[in-house]
S.K.: 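Take a look at this one; I'll ask things after.
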Amino acid sequence: MAERLKLVDLRRQYAPLREEILATIDGVLTDMNLNLGPNTRAFEQEWAEFCGTKYARGVDNGTDALQLALYAYGIGKGDEVITPVNTFVAIVEAILAVGATPVFVDCDPATYNIDIEQTRAAITSHTKMIVPVHLYGLAADMDPILEMARPKGIIVLEDCSQAQGAQYKGRRVGGIGDSAAFSLYYTKNLGGYGEAGIFNTNDDEIAKKVDMMRQHGAQPTSRYLHEILGFNSRLDEIQAAIIRIKFRHLAEYNAQRRHWAGRYTELLGDTVVTPKRFPGYEEVNYVYVIRTPQRDALKAKLLEADIESGIHYPIPLHLLPVTADLGYKKGQFPVAEQYAQEILSLPLYPELTDAEVERVAATVIASVREFAPTR
Ligand SMILES: Cc1ncc(COP(=O)(O)O)c(C=O)c1O
């Protein structure tokens, strides 16, 4: 029996990098410059350059990157922030933390990203921000969002946590909107070995605020003079050093992810609904998400065959207990609600082998045929 195939197996990526990573950590600890040290500073510059922004500020995690962005823009009580319902909960946490109101919209049935026309319809005089999420590694359709936001002074904050290196019409995500938040959690396309995140912006004032807020609201030059509401959310120097090593391989890792995603699509044919590719978009396949009405049975069958799978995400944001007070109802976002019942993420990471991808695809095909013998 083959070994259980994990949904994400980072041990394989670590093995060839091990010596370099251990030597680098040793260097960081020998230097002992751990508070916004040289690796954090260097990575901020490298990341800003990569994304084409003026500033990047390393923070503790992606959720903080979102939350600090909302605070920096002064979003608060009475303000509305538009976000899709089919994403990770972090953005709702950030909106609720600053006392603003999340305004939910459904996802586009083809891209799974924020629905453009619903976003337009959701804008009111209270809308202060739109947060498109580049879900599963595919950029959201940024141009129409920017076109509807700009004349009204609405801020566009990209949530790039699942899309490090993804491109939209030749531009890298994280440098398209007004500002951007990235998780660098260890399972992401680019991540450390723990918690990490980064915030990008071109705005001098916002960059300065985030810089202060991540270190207790003080300017770096006057450490104990706390001027604005602060937090403790600095990118950890050891994580930054690890991330810099992995960053050098990001293009190759993303190309491998795209390769395996393409291979799955080719092998699966029309057995299940597979992710589409769109001209002008270069996706980075953070996860490979298929759809089938027999999702739960398929997940069980895969596990029987020692193949892990995931669901990103099983409950749309408007149906979570934490948002119950907002008054949304089941049935309001039919696309996301249907997809939440049907989506399944198959193992996807750069170090997969062709035999493994074939094994997963063959198991999916055999299982689905068993459920629906006439297909
Ligand atoms: C779309 C999205 N936004 C935000 C986050 C939050 O990032 P973190 O876990 O680093 O706080 C994540 C990942 O976990 C995510 O996938």
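Counting starts at 1 for both ligands and their atoms, following the listed order. Worth saying up front: this structure is predicted, and the values here are computed from it rather than measured. Heavy-atom basis, side chains included; hydrogens, waters and symmetry copies ignored.
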S.K.: Does NZ or CZ of R257 lie under 6.0 Å from the centre of the six-membered ring of Y286, at an angle within 45° of the ring axis?
M.R.: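 No cation-pi geometry.
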S.K.: Got a sec: does the CZ of R248 have more than 12 other heavy atoms crowding it under 6.0 Å?
M.R.: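 More than 12 within 6.0 Å, yes.
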S.K.: Please name the residue in the list W47, F199, F43 that meets the ring-ring contact (aromatic ring centres under 6.0 Å, His included) test with F182.
M.R.: W47
S.K.: Do the side chain of D31 and the main chain of V28 share a donor and acceptor less than 3.5 angstrom apart?
M.R.: no
S.K.: Return a table of N or O atom pairs, ligand 1 on one side and protein on the other, at distances under 3.5 Å, rounded to 0.1 Å.
M.R.:
from, atom 1, to, atom 2, distance (Å)
ligand 1, 3 (N), D159, OD1, 3.3
ligand 1, 3 (N), D159, OD2, 2.7
ligand 1, 3 (N), S161, OG, 3.4
ligand 1, 7 (O), S183, OG, 3.3
ligand 1, 10 (O), G62, N, 2.8
ligand 1, 10 (O), S183, OG, 2.6
ligand 1, 11 (O), G62, N, 3.3
ligand 1, 11 (O), T63, N, 2.8
ligand 1, 11 (O), T63, OG1, 2.5
ligand 1, 14 (O), K188, NZ, 3.3
ligand 1, 16 (O), Q162, NE2, 2.9
ligand 1, 16 (O), K188, NZ, 3.2

S.K.: Does the ring of Y339 carry R291 above it, NZ/CZ under 6.0 angstrom from centre and within 45° of its axis?
M.R.: yes
S.K.: Is the closest side-chain donor-acceptor distance between Y73 and S179 under 3.5 Å?
M.R.: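 Yes, a side-chain donor-acceptor pair sits under 3.5 Å.
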